[in-house]
*Asks:* 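Dumping the structure here so I can ask a few things about it.
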Amino acid sequence: MADPTAHAYEPAQGHGLRHDPFNAIVGPRPIGWISSQSAEGVVNLAPYSFFNAFNYTPPIIGFSTIGWKDSVANIQATGEFGWSLATRPLAEQMNLTCAPAPPQIDEFEVAGLTKAASKLIAPPTVLESPVNFECRLTQLIQLQAADGRALDTWLILGEVVAVRIDRAFIKDGVYDTAAAQPILRAGRMGDYYEITPQTMFEMRRPRWPVE
């Protein structure tokens with residue numbers, strides 16, 4: 001319980017633990033497996049653990065990157081990016097695309113993945129992934145601290161303009177989240193979780209007044 005005996009700290013003064021707990025507490029988090037393409041046509045594929053969905057209509061997803069990475073430069077230049085669902089069968093390939101490769105390196109080739117041609121954008125997505133989004137940039141925001149200091153961290157938001165879902169994961173007209181075996185980032189040096197049918201439970205949103 002977070003009572004007076006709890007471990008308490010101010011992040012600016014250090015956390016006092018062996019490893020910063022922040023990204024393990026805010027987790028597990030879905031993975032932004034982002035594909036992009038430079039103005040010259042060089043393809044990039046990289047996973048980002050600061051990722052989520054932010055709006056229904058239109059659907060908007062976003063990810064942030066600490067440092068100006070190839071993904072950000074490509075998306076700023078072209079206004080487009082793809083997202084592919086990272087799953088347990090693709091975990092090792094996804095991890096390979098995390099290597100800090102030079103800009104001219106195609107991570108699809110490094111990880112032995114197949115490029116799936118997109119319908120509405122130039123960057124390809126991962127053919128082996130059961131779900132792909134095609135996105136157009138809506139906002140690119142440099143984050144700042146509470147005191148107004150600009151941080152070397154960039155938030156990229158994009159509208160999902162096209163979706164592809166493997167029909168094997170659609171049952172009675174409903175997408176089966178657990179069947180696709182998505183993996184999620186759980187902090188520390190390399191912890192992940194997998195969603196399985198055994199770990200899922202259902203809660204309906206309550207009406208008002210609450211009964």
Side-chain angles (χ1 to χ4, degrees), residues 23 27-53 61-78 80-137 156 158 160-170 175-197:
N23 62 354
R29 300 179 306 282
I31 297 167
W33 204 8
I34 305 298
S35 52
S36 61
Q37 186 168 303
S38 71
E40 295 74 32
V42 179
V43 173
N44 180 270
L45 179 64
Y48 293 89
S49 67
F50 289 135
F51 166 84
N52 223 307
I61 62 172
F63 70 98
S64 69
T65 172
I66 299 171
W68 187 265
K69 305 283 178 60
D70 295 337
S71 300
V72 191
N74 291 346
I75 294 167
Q76 183 191 54
T78 65
E80 299 177 335
F81 65 94
W83 172 84
S84 298
L85 180 67
T87 64
R88 187 65 184 91
L90 295 173
E92 295 299 329
Q93 291 97 317
M94 181 278 297
N95 195 46
L96 286 172
T97 66
C98 189
Q104 69 273 18
I105 297 298
D106 183 337
E107 286 84 0
F108 280 86
E109 295 181 2
V110 171
L113 295 165
T114 310
K115 297 183 181 77
S118 297
K119 179 181 179 182
L120 299 179
I121 64 172
T125 53
V126 177
L127 180 65
E128 290 82 359
S129 173
V131 184
N132 307 127
F133 290 167
E134 299 178 22
C135 306
R136 292 198 176 115
L137 177 67
I156 296 89
V160 179
V161 296
V163 179
R164 287 188 302 278
I165 305 172
D166 187 329
R167 290 186 184 275
F169 302 107
I170 300 176
Y175 173 70
D176 189 335
T177 301
Q181 298 176 263
I183 55 174
L184 305 102
R185 192 69 171 89
R188 298 207 303 178
M189 297 303 293
D191 288 356
Y192 290 83
Y193 284 103
E194 174 189 352
I195 291 178
T196 66

*Asks:* Provide the closest heavy-atom pair for P47 versus I31 in the form atom of the first, atom of the second, distance.
*Replies:* CB-CG2, 3.9 Å
*Asks:* Knowing that exactly one of T65, N44, L45 qualifies, which makes a side-chain contact (heavy atoms from CB on, under 4.5 Å) with S71?
*Replies:* N44
*Asks:* Determine yes or no for a side-chain-to-main-chain donor-acceptor pair under 3.5 angstrom, with S118 supplying the side chain and P123 the backbone.
*Replies:* yes
*Asks:* Will you find, in the side chains of W33 and S129, an N or O donor that is under 3.5 Å from an N or O acceptor?
*Replies:* no
*Asks:* Do the non-hydrogen side-chain atoms of I195 and Y193 ever get within less than 4.5 Å of each other?
*Replies:* no
*Asks:* Tell me whether R185 contacts the main-chain N or O of D191 through its side chain, where contact means a donor paired with an acceptor under 3.5 Å.
*Replies:* yes
*Asks:* Which heavy-atom pair separates A178 from P197 by the least distance, and what is that distance?
*Replies:* CB-N, 3.6 Å
*Asks:* Side chains of M94 and I183: closer than 4.5 Å at any heavy-atom pair?
*Replies:* yes
*Asks:* Could you tell me if the side chain of I121 sits less than 4.5 Å from the side chain of C135, heavy atoms only?
*Replies:* no
*Asks:* Going by atom types alone, do N74 and S38 pair a side-chain donor with an acceptor below 3.5 Å?
*Replies:* no
*Asks:* Got a second to check how far L96's CG is from L90's CG, nearest 0.5 Å?
*Replies:* 11.5 Å
*Asks:* To check you understand the geometry: which heavy-atom pair defines the closest contact between S36 and I75, and what is its length?
*Replies:* CB-CG1, 4.1 Å
*Asks:* Would you call F108 and T97 a side-chain contact if the rule is heavy atoms closer than 4.5 Å?
*Replies:* no
*Asks:* So does T125 get a backbone contact from the side chain of S84, meaning a donor-acceptor N/O pair under 3.5 Å?
*Replies:* no
*Asks:* Mark yes when over 12 heavy atoms from residues, nucleotides or ligands other than E92 sit less than 6.0 Å from its CD; otherwise mark no.
*Replies:* no
*Asks:* Keeping Q181 on the side-chain end and R88 on the backbone end, is there a donor-acceptor pair under 3.5 Å?
*Replies:* no
*Asks:* Given I156 and Y48, is the side-chain contact (heavy atoms from CB on, under 4.5 Å) satisfied, shown in steps?
*Replies:* CA-CA 11 Å; I156 296 89; Y48 293 89; over 6 Å; no
*Asks:* What distance do K69 atom NZ and I34 atom CD1 have between them, rounded to the nearest 0.5 Å?
*Replies:* 12.5 Å
*Asks:* Tell me whether the count of non-hydrogen atoms from other residues, nucleotides or ligands lying under 6.0 Å of CD1 in I66 goes above 12.
*Replies:* no
*Asks:* Just wondering, do Q37 and E80 contact through their side chains at under 4.5 Å, heavy atoms?
*Replies:* no
*Asks:* Verify the neighbour count for atom CZ of F50: are there more than 12 heavy atoms of other residues, nucleotides or ligands below 6.0 Å?
*Replies:* yes
*Asks:* Less than 4.5 Å apart, any side-chain heavy atom of L120 and any of R136?
*Replies:* yes
*Asks:* Applying side chain to side chain donor-acceptor pair (under 3.5 Å), can you list everything that pairs with D106, at least two apart in sequence or on another chain?
*Replies:* K115
*Asks:* OG1 of T177 to CG of L85: how many Å apart, nearest 0.5 Å?
*Replies:* 9.0 Å
*Asks:* Between T114 and E128, is there a side-chain heavy-atom distance shorter than 4.5 Å?
*Replies:* yes
*Asks:* Ring centres under 6.0 Å, that's the criterion: do W83 and F63 meet it?
*Replies:* no
*Asks:* Mind checking whether R29 and N23 have side chains closer than 4.5 Å, heavy atoms only?
*Replies:* yes
*Asks:* Tell me the closest heavy-atom pair linking P28 and L184, and the distance in Å.
*Replies:* CB-CB, 3.5 Å
*Asks:* Would you name the heavy atoms of K119 and R164 that are closest together and state the gap between them?
*Replies:* N-NH1, 4.4 Å
